[in-house]
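Just below is one structure, and these are the notes that go with it.
Starting from 1, each residue takes its place in the sequence as its number.
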Amino acid sequence: MIISIPSILIGLGGKCLLNWTLVFIQRNNICQSFLGVFSVSLSVIDTALTLSVTTLHLHTDGYVILLGLKLTRFHVCLLVQIFGQIYSALQWPVVVLAGLDHFCTLTQRLQFTIARVRMLFCLSVTGFLLFLTALYVFLLSDFNPVLEEVPYNQIHQCWILSTSYTLQVAMLLLLSLGYAALHAGCSTRLWKDQNTDQSRTLSRKNVVYQTIHVFLNTWALFLFFLAVLLLLPVRIPAYLGMSVAWLSFVNSTLIAVLLCAVCPASQLAQGLAAVPPDSFCEWRFKFSLAEDDRTILHCENTHGTDSV
């Protein structure tokens with residue numbers, strides 16, 4: 001797809017503004033998970049890319065000398081194509097790693113007593129993932145940049161890669177959520193309180209219903225937007241396929257899938273299961289007891305004494 005350079009700059013600028021706005025909104029817990037650390041890293045990379053492209057395009061001489069290299073508008077198109085390919089290649093690995101991170105958090109399989117240790121671990125994983133993805137794009141993929149055969153000062157548009165990975169990931173996550181909800185809704189669990197010896201029947205259907213309700217209340221409009229993109233012949237530029245808004249949606253969807261699949265009803269009721277951090281969905285569950293009408297509330301993001 002052919003896009004003019006001013007349109008590319010507007011798209012990148014808007015993406016950066018949205019990225020940093022969402023990072024600021026989530027500032028209290030964004031460094032407590034892999035997706036949060038990756039979102040901050042993505043915002044920094046997008047900002048550097050936008051400033052570089054803007055400088056090359058607006059420079060009066062039509063080129064910039066950097067470390068002895070002559071960078072022109074050819075490199076505007078080249079940079080956007082390279083980062084678009086890297087973002088496309090990152091889609092599935094990011095989802096898999098984020099799912100593993102959330103699973104370990106929800107089931108208490110991997111715990112960090114110090115928040116900074118967890119943040120450094122996530123930052124290391126993010127850096128290693130970006131490095132491996134860049135190596136894959138340059139050495140193993142069939143990526144071939146497309147540049148116009150005209151003088152650099154006459155370049156006013158770029159050939160841009162489009163991506164379908166965003167819609168593919170969304171469809172798989174939503175199908176997984178639907179399957180997990182249907183599977184979990186067919187069974188119930190009996191939990192016996194160890195302190196009061198009261199038998200409490202905690203229905204998995206109740207947990208699933210509340211999970212789906214919270215998720216749809218937050219992301220219904222975004223799901224409608226994805227449905228429109230899926231039905232209409234709209235192509236998404238690859239450099240816009242990975243953003244903090246998209247990662248926030250992936251974060252909430254993965255949490256919903258895991259809550260439906262793992263469904264730790266007794267742990268949630270006792271406050272022993274920590275829901276992964278989510279600044280958009282309020283993962284709040286209500287359990288009714290059989291013998292009395294008391295309720296137990298579990299609020300999101302209970303991580304003990306961890307602090308950022």
Side-chain angles (χ1 to χ4, degrees), residues 12 14-50 82-106 109-112 114-137 163 165-170 172-173 176 218-219 222 236-258 274-281 300-301 303 306 308:
L12 286 173
K15 181 185 177 185
C16 287
L17 180 61
L18 179 60
N19 283 350
W20 286 113
T21 299
L22 294 178
V23 167
F24 179 77
I25 292 174
Q26 305 175 75
R27 64 189 182 280
N28 291 330
N29 57 17
I30 196 168
C31 292
Q32 296 177 8
S33 67
F34 164 74
L35 268 184
V37 174
F38 187 86
S39 295
V40 176
S41 303
L42 177 66
S43 300
V44 173
I45 293 173
D46 276 338
T47 301
L49 174 62
T50 302
I82 290 174
F83 278 91
Q85 187 73 10
I86 291 176
Y87 289 165
S88 296
L90 278 171
Q91 291 282 358
W92 290 109
V94 167
V95 171
V96 172
L97 289 176
L100 290 174
D101 179 44
H102 286 351
F103 177 78
C104 292
T105 299
L106 189 62
R109 297 293 178 88
L110 182 62
Q111 301 184 50
F112 293 89
I114 303 177
R116 290 185 178 180
V117 174
R118 180 182 182 87
M119 183 185 68
L120 290 176
F121 176 77
C122 293
L123 186 61
S124 301
V125 173
T126 298
F128 188 62
L129 176 62
L130 291 172
F131 176 72
L132 289 182
T133 305
L135 286 181
Y136 167 77
V137 169
T163 181
Y165 288 111
T166 301
L167 295 179
Q168 292 177 13
V169 170
L172 179 64
L173 288 177
S176 301
T218 305
W219 294 104
F222 189 80
I236 303 174
Y239 64 90
L240 298 179
M242 179 78 73
S243 65
V244 177
W246 167 248
L247 294 176
S248 299
F249 169 75
V250 170
N251 181 59
S252 297
T253 309
L254 285 173
I255 294 175
V257 170
L258 289 173
V275 178
D278 190 346
S279 299
F280 292 91
C281 290
E300 64 173 339
N301 307 336
H303 295 276
D306 286 1
V308 179

dist Leu123:CG -> Phe128:CZ (nearest 0.5 Å) comes out at 14.0 Å
The test is side-chain contact (heavy atoms from CB on, under 4.5 Å); show your working for Trp246 and Gln91 and say whether it passes.
CA-CA 10 Å; Trp246 167 248; Gln91 291 282 358; 3.0 Å; yes
Heavy-atom nearest pair, Ala238 first then Gly84, reads CB-O, 3.4 Å
- prompt: Any side-chain heavy atom of Leu12 sitting closer than 4.5 Å to one from Phe83?
  reply: no
Checking Ser279 against Asn29 for the side-chain hydrogen bond (donor to acceptor under 3.5 Å, both in side chains) test, could you report, in this order, the C-alpha distance in whole Å, the side-chain angles of both residues, the deciding distance, and whether it holds? CA-CA 8 Å; Ser279 299; Asn29 57 17; 3.0 Å; yes
Would Leu172 and Trp92 satisfy side-chain contact (heavy atoms from CB on, under 4.5 Å), going step by step from the backbone distance to the final call?
CA-CA 11 Å; Leu172 179 64; Trp92 290 109; 3.2 Å; yes
Value for CD (Gln26) from CZ (Phe280), rounded to nearest 0.5 Å, stands at 4.5 Å
Begin from the C-alpha positions of Trp219 and Ser252 and carry the test side-chain hydrogen bond (donor to acceptor under 3.5 Å, both in side chains) through to its verdict. CA-CA 9 Å; Trp219 294 104; Ser252 297; 3.0 Å; yes
**Request:** Evaluate the criterion side-chain hydrogen bond (donor to acceptor under 3.5 Å, both in side chains) for residue pair Thr47 and Trp20; output intermediate values, then yes/no.
**Result:** CA-CA 9 Å; Thr47 301; Trp20 286 113; 2.7 Å; yes
Side chain proximity check, Phe103 to Leu254, heavy atoms < 4.5 angstrom: no
Interatomic distance, CD1@Ile30 vs CG@Leu247, rounded to 0.5 Å, equals 9.5 Å
For a 4.5 angstrom cut-off between non-hydrogen side-chain atoms, does Val244 reach Leu18?
no
task: Test Asn19 against Ser243 for side-chain contact (heavy atoms from CB on, under 4.5 Å), laying out the working first.
output: CA-CA 7 Å; Asn19 283 350; Ser243 65; 3.8 Å; yes
Item to check | Any donor-acceptor pair under 3.5 Å from Asp46 side chain to Tyr239 backbone | outcome: no
Interatomic distance, CG@Leu42 vs NZ@Lys15, rounded to 0.5 Å, equals 5.5 Å
Here the gap from Thr105 atom OG1 to Asp101 atom CG, rounded to the nearest 0.5 Å, amounts to 4.5 Å
| task | Test side-chain contact (heavy atoms from CB on, under 4.5 Å) on His102 and Phe34 and set out the steps. | result | CA-CA 9 Å; His102 286 351; Phe34 164 74; over 6 Å; no
Quick one, Ile255 and Cys281 - any side-chain contact, counting heavy atoms below 4.5 Å? no
Inset, instruction - Would you kindly check if the NZ (Lys) or CZ (Arg) of Arg27 is within the cone defined by 45 degrees around the ring axis of Phe24 and under 6.0 Å from the six-membered ring centre? - result: yes
Minimal heavy-atom distance between Val137 and Ala89, with the atoms involved, is CG2-CB, 4.3 Å
When rounded to the nearest 0.5 Å, the distance separating CG of Leu258 from SG of Cys104 is 10.0 Å
Heavy-atom closest pair (Thr126 atom, Ser41 atom, distance to 0.1 Å) is CG2-OG, 3.7 Å
Between Phe222 and Phe249, is the ring centroid distance below 6.0 Å? yes
